[in-house]
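By convention here, the first residue in the shown sequence is residue 1. What you see is a predicted model; the values in this text were computed from it and never measured. Whatever order the structure lists ligands and atoms in, that order sets their numbers, starting from 1.
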Amino acid sequence: MRVLLTGGTGMVGRNIKEHENARHYDVLTPSRKELDLTSRKQIRIYLETNSPEYIIHAAGLVGGIHANIANPSRFLIENLEIGCNLISEAAKIGVKNIINLGSSCMYPKNGPNPLKEEYLLNGLLEPTNEGYAIAKIAAQRLCDYLRIEDNSRNYVTLMPCNLYGKYDNYNPERSHLIASIIVKLHDAKINNKNSVEIWGDGKVRREFMYAKDFADAVWFVLPMISQLPHIINVGTGKDYSIFDYYKKVSEILGFEGAFTFNLRKPTGMKQKLLDVKKINDLGWLPQNSLGSGIKKTYSHYLNCLA
Ligand SMILES: NC(=O)c1ccc[n+]([C@@H]2O[C@H](COP(=O)([O-])OP(=O)(O)OC[C@H]3O[C@@H](n4cnc5c(N)ncnc54)[C@H](OP(=O)(O)O)[C@@H]3O)[C@@H](O)[C@H]2O)c1
């Protein structure tokens with residue numbers, strides 16, 4: 001069975017592509033050069049030529065809080081174009097199965113935790129990533145509208161918590177929390193720095209999952225796509241404070257210095273813990289503990305430096 005995986009050069013896409021279950025499918029992973037998702041015309045020609053039975057949509061403009069604050073218009077426009085172009089062209093061509101990747105950023109900033117799927121659009125969004133979240137919400141709603149218009153379309157949105165792992169982005173302008181902690185603490189350790197700065201007071205809480213586990217969830221749900229609810233959270237069900245993540249990475253890297261807190265820096269939502277009952281009830285659980293995921297990610301980072 002043929003699967004079009006978008007975003008196959010990104011962290012999530014690469015983990016999906018190299019997961020052992022990918023070998024049961026003919027997985028197409030066009031680069032952006034081969035298929036620019038901001039172009040409807042390119043999408044139409046690609047879908048007509050390759051006729052995928054499934055699409056796993058893991059492409060998007062993604063960045064940490066820094067990048068989102070600096071460029072909200074670009075995060076809105078590009079993600080809106082990418083999501084709406086791909087999903088609507090797929091529907092026109094007759095693709096019946098889409099796994100669209102959402103994000104926990106799409107939930108209201110004051111939603112009660114753990115965040116249930118039905119809280120979507122129930123309140124204001126976190127301003128630091130509002131543009132990105134609006135674009136991702138539009139893609140999810142489009143999946144729903146197309147499914148309502150034709151119930152033979154199995155268009156499902158998976159809502160991952162924050163992800164980290166192999167192929168993470170270590171560029172400080174674009175990195176997410178765990179990759180940026182690894183870079184900062186590794187640098188502090190090898191340069192004998194006495195302290196490392198944390199943005200905010202370290203009390204904000206986040207849920208992080210090893211990206212290979214998310215890839216596992218994608219391949220787990222794909223064969224049952226026609227029986228799935230239209231939105232499913234995918235997470236570990238546990239969150240930790242930012243300071244806990246710094247302490248955990250310090251332990252693994254052997255950084256023994258102190259931490260300072262920069263209270264002038266933005267920190268985003270106070271808590272973003274997903275309710276994972278739906279995916280757990282389907283029989284899926286993540287395999288990697290936080291410690292084992294961070295160890296593997298650090299070793300990947302060291303390989304990238306070598
Ligand atoms: N990382 C997380 O913590 C996280 C959490 C929740 C949800 N997600 C979702 O997972 C998806 C992938 O995230 P990621 O972390 O893997 O991001 P990433 O590493 O930045 O990868 C993004 C991918 O999208 C591709 N892309 C961007 N614009 C494109 C375009 N116009 N045409 C074709 N391809 C394009 C990129 O191609 P190039 O290599 O050419 O740039 C890359 O392959 C996103 O939808 C994101 O919202 C991620």
Side-chain angles (χ1 to χ4, degrees), residues 4-19 27-43 46-47 55-65 67-68 71 74-87 89 98-107 115 126 129 131-140 143 157-171 173-181 206-215 217-218 231-236 245 268-269 272-274 293 297 300 304:
L4 165 62
L5 168 63
T6 68
T9 53
M11 177 183 74
V12 174
R14 290 177 80 177
N15 278 279
I16 294 174
K17 189 165 63 174
E18 74 175 33
H19 189 278
V27 184
L28 307 176
T29 53
S31 66
R32 186 198 297 240
K33 218 171 158 193
E34 294 164 285
L35 176 60
D36 182 346
L37 298 166
T38 59
S39 160
R40 273 185 181 268
K41 189 173 165 205
Q42 282 191 32
I43 295 172
Y46 191 90
L47 294 177
I55 295 178
I56 301 172
H57 177 37
L61 175 65
V62 178
I65 190 168
N68 269 277
N71 229 327
R74 188 170 164 222
F75 277 88
L76 174 72
I77 294 166
E78 279 189 35
N79 286 311
L80 205 51
E81 282 181 356
I82 290 172
C84 293
N85 287 351
L86 178 71
I87 294 161
E89 288 302 322
I98 299 181
I99 292 193
N100 170 51
L101 299 198
S103 161
S104 56
C105 302
M106 291 155 64
Y107 284 116
L115 295 156
E126 160 60 34
N129 52 39
Y132 172 76
I134 288 175
K136 306 282 289 177
I137 291 172
Q140 188 283 324
C143 283
T157 300
L158 295 186
M159 307 282 273
C161 64
N162 295 297
L163 304 171
Y164 71 99
K166 205 171 165 189
Y167 311 121
D168 223 323
N169 190 326
Y170 301 107
N171 172 343
E173 297 297 313
R174 292 199 53 201
S175 61
H176 293 275
L177 183 74
I178 293 198
S180 91
I181 298 179
R206 287 290 178 270
E207 178 184 10
F208 268 91
M209 186 166 70
Y210 190 54
K212 187 180 178 201
D213 283 337
F214 178 68
V218 170
I231 311 183
I232 311 174
N233 289 338
V234 184
T236 61
Y245 287 111
M269 266 160 85
K272 257 196 319 184
L273 174 66
L274 295 177
T297 309
H300 175 252
C304 293

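- Counting only distance, with no hydrogens or angles, the side chain of E34 and the backbone of S31 share a donor-acceptor pair below 3.5 Å.
- In this structure, the side chain of R206 does not engage the main chain of C161 through any donor-acceptor pair within 3.5 Å.
- Within the 4.5 Å cutoff, the side chain of Y167 has heavy atoms near those of the E18 side chain.
- A heavy-atom distance below 4.5 Å is found between the side chains of Y170 and T297.
- When atom types are taken as modelled, the side chain of D168 and the backbone of G165 share a donor-acceptor pair closer than 3.5 angstrom.
- Without hydrogens or angle criteria, T157 side chain to G102 main chain gives no donor-acceptor distance under 3.5 Å.
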Any protein N or O within less than 3.5 Å of an N or O in ligand 1? List each pair with its distance, or say none.
| from | atom 1 | to | atom 2 | distance (Å) |
| --- | --- | --- | --- | --- |
| ligand 1 | 3 (O) | L163 | N | 2.9 |
| ligand 1 | 3 (O) | L163 | O | 3.4 |
| ligand 1 | 16 (O) | M11 | N | 3.1 |
| ligand 1 | 16 (O) | V12 | N | 2.8 |
| ligand 1 | 19 (O) | M11 | N | 2.9 |
| ligand 1 | 20 (O) | R174 | NH2 | 3.3 |
| ligand 1 | 24 (O) | G60 | N | 3.1 |
| ligand 1 | 24 (O) | G60 | O | 3.4 |
| ligand 1 | 28 (N) | R32 | NH2 | 3.3 |
| ligand 1 | 31 (N) | D36 | OD1 | 3.0 |
| ligand 1 | 32 (N) | L37 | N | 3.0 |
| ligand 1 | 37 (O) | T9 | OG1 | 3.3 |
| ligand 1 | 39 (O) | T9 | OG1 | 2.5 |
| ligand 1 | 40 (O) | R32 | NE | 3.1 |
| ligand 1 | 41 (O) | R32 | NH2 | 2.8 |
| ligand 1 | 43 (O) | G7 | O | 3.4 |
| ligand 1 | 43 (O) | T9 | N | 3.4 |
| ligand 1 | 43 (O) | T9 | OG1 | 2.6 |
| ligand 1 | 43 (O) | G10 | N | 3.0 |
| ligand 1 | 45 (O) | K136 | NZ | 2.7 |
| ligand 1 | 47 (O) | Y132 | OH | 2.4 |
| ligand 1 | 47 (O) | K136 | NZ | 2.8 |

